[in-house]
Structures are given as C-alpha cells and as structure tokens.
Amino acid sequence: MSQVPRFFFTEIARISYQKGMHKSFFNNLQEVIRKFRIQEATGLNLSDAVVVIQDLINLQAINLMERKKFLETKKRALFLPHCSRKFMDSRCKAVFDENLPSYVCAHCSSDCLVNSADCVARRKGYDVYVLPGGSCVTKILGRSKYEGIVGVACGEEIKVSGEALLDAGVSRQAIPLIKNGCSNTVFNMETLIKTL
Ligand code: SF4
Ligand code: SF4
C-alpha cells in the first residue's frame with residue numbers, strides 16, 4: 001500500500017463521510033479502484049482490494065471523527081506491533097514483561113522502527129507498548145486507565161483492537177501498516193509523529 005498516495009484515503013474518507021456519501025461510494029468502489037489503478041499499485045486482486053480499501057477508509061474516517069476528542073486527552077499510550085521490530089528472533093534484545101503485558105525495547109538497533117517510535121512517543125509523554133497480539137489490549141486497558149490511544153497495526157488487528165478501545169470508552173487514532181505480513185512490517189514514521 002506504500003505506492004498509493006497517502007492523501008488518497010484521508011481525502012476519500014473526509015469527503016464521503018462529510019457528505020454522507022460513504023455507502024454509495026463503497027457500492028462503486030470497484031470502479032474507483034480501477035480508475036485510481038490501485039490493483040497495479042498494490043498487486044492485490046479486485047475483491048481483496050475492495051476489502052482493504054473499505055477498511056482503510058473506515059479507519060481514516062474514525063481518525064477524523066475522533067481527532068478533536070483525542071486532542072483533549074491527557075493520559076495516552078502508543079501501541080506498536082511486535083512485527084515492526086528490526087528482528088523477530090533473539091537478535092531483538094527487547095524483553096517481554098508479562099505484567100504489562102508488552103515487549104520493552106532495549107534500543108539495540110538505531111535503524112529499528114520500533115526503537116524510533118518508542119523514543120519519539122516517550123519524549124512526548126506517552127507510555128509505549130510493543131504488542132505481540134490484540135489480546136494484550138484488553139489487559140492493558142484493565143490495568144491502566146488511558147484516555148487516548150494511538151495504535152499502529154495491520155487493518156485486521158486495528159479492527160479487532162478498535163472494538164476493545166470503543167468498549168472501554170478510549171479515544172483512538174489508528175495508523176495502518178504500509179507493509180503487512182507479520183514480520184518486517186513497516187509503518188510511516190512521519191504519519192506517526194503527526195498523529196502523536
Ligand atoms: S531496537 Fe528494540 S525493538 Fe528493535 S530490535 Fe532492538 S530491542 Fe528489538
Ligand atoms: S501484521 Fe497484523 S496480525 Fe501480523 S503480527 Fe503484525 S499486527 Fe499482528
């Protein structure tokens with residue numbers, strides 16, 4: 001998805017939700033995908049592209065609708081996916097703390113995305129969690145009463161975790177991975193910094 005211009009999802013979400021057009025827009029999504037040549041850019045087949053684009057537009061719409069409330073929150077946390085660590089094996093020196101539950105980055109690699117995100121977010125006063133799965137979200141919310149959460153994950157994980165955050169009444173901002181696959185995944189640092 002990194003080949004699709006970033007403003008695409010934000011603009012489509014903003015315009016279609018503002019005008020109450022998102023349902024009819026979704027009905028015409030196949031045509032839009034062909035017009036914007038999303039299949040060529042992503043390598044996805046048409047039905048997968050429809051699902052992915054719908055999820056991303058919904059996600060951007062939630063981000064826009066929640067933004068004002070999120071900016072009013074004081075106690076915040078950042079949830080990062082463990083799949084964006086530079087290493088998924090013992091070369092990653094992060095220790096998993098079951099009490100949190102989260103990996104705690106040991107800052108072993110300066111070119112690790114999780115390391116960079118962890119440092120930026122902590123400087124801004126966020127608690128940071130590096131999660132091996134969405135099941136940790138409910139435990140963290142039960143343990144610490146956060147008002148706002150920024151979550152980075154793939155679309156599917158954002159959907160599942162988003163429901164837990166909604167149930168807990170936490171204001172949320174989601175950042176989708178631009179390269180999925182459960183290892184060596186990538187998110188956009190610039191987007192993260194702007195969102196934080
Ligand atoms: S910088 Fe942190 S997350 Fe990245 S590989 Fe090292 S310990 Fe793991
Ligand atoms: S790609 Fe999604 S499901 Fe896979 S490890 Fe990363 S966040 Fe979890």
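When a ligand or atom number is given, it counts from 1 through the structure's own listing order.
- Closest to atom 6 (Fe) of ligand 2, if we only count protein heavy atoms, is Cys83 SG, 2.3 Å.
- Atoms of ligand 1 found under 4.0 Å from any heavy atom of Ser109, numbered from 1 in the order shown, are 1 (S), 6 (Fe).
- Not a single N, O or S atom of Cys92, from either the backbone or the side chain, sits less than 2.8 Å from atom 4 (Fe) of ligand 1.
- Between the Thr73 side chain and the Phe70 main chain, a donor and an acceptor come within less than 3.5 Å of each other.
- Protein heavy atom closest to atom 4 (Fe) of ligand 1, with residue, atom name and distance, is Cys112 SG, 2.4 Å.
- In this structure, a donor-acceptor pair under 3.5 Å is absent between the side chains of Thr195 and Gln173.
- One distance of note links OG of Ser171 with CD1 of Ile149; it measures 9.5 Å at 0.5 Å rounding.
- Among protein heavy atoms, the minimum distance from atom 8 (Fe) of ligand 2 is reached at Glu157 OE1, 3.8 Å.
- A salt bridge between Lys159 and Glu163 is absent, with no side-chain N of the basic residue lying under 4.0 Å from a carboxylate O of the acidic one.
- Backbone or side-chain N, O or S atoms of Cys182 reach atom 4 (Fe) of ligand 2 at under 2.8 Å.
- Not a single heavy atom of Glu156 lies less than 4.0 angstrom from ligand 2.
- With Asn115 contributing its side chain and Ser109 its backbone, the two residues share a donor-acceptor pair below 3.5 Å.
- The aromatic rings of His82 and Tyr103 sit parallel, their planes meeting at an angle under 30°, below the 60° perpendicular limit.
- Given atom 2 (Fe) of ligand 1, the protein heavy atom at minimum distance is Cys105 SG, 2.4 Å.
- Proximity to Cys154 (heavy-atom distance under 4.0 Å) selects the following atoms of ligand 2: 1 (S), 2 (Fe), 3 (S), 7 (S).
- With ligand atoms numbered from 1 in the order given, ligand 1 contributes 2 (Fe), 7 (S) to contacts under 4.0 Å with heavy atoms of Ala106.
- For atom 3 (S) of ligand 1, the nearest non-hydrogen atom of the protein is Arg85 CG, 3.5 Å.
- If you look at Arg91 next to ligand 1, there are no close heavy atoms at all, none under 4.0 Å.
- Within ligand 1, the atoms closer than 4.0 Å to a non-hydrogen atom of Ala94 are 7 (S), numbered from 1 in the order shown.
- For Glu98, the CD atom sits in a loose shell: 12 or fewer heavy atoms of surrounding residues, nucleotides or ligands are nearer than 6.0 Å.
- Remark: minimum distance from atom 5 (S) of ligand 1 to any protein heavy atom is reached at Cys108 SG, 3.6 Å.
- Arg172 and Glu66 are joined by a salt bridge, as a carboxylate oxygen and a charged side-chain nitrogen come within less than 4.0 angstrom of each other.
- A donor-acceptor pair is defined here as one N or O able to donate and one able to accept, closer than 3.5 Å; no such pair exists between the side chain of Thr185 and the backbone of Gly181.
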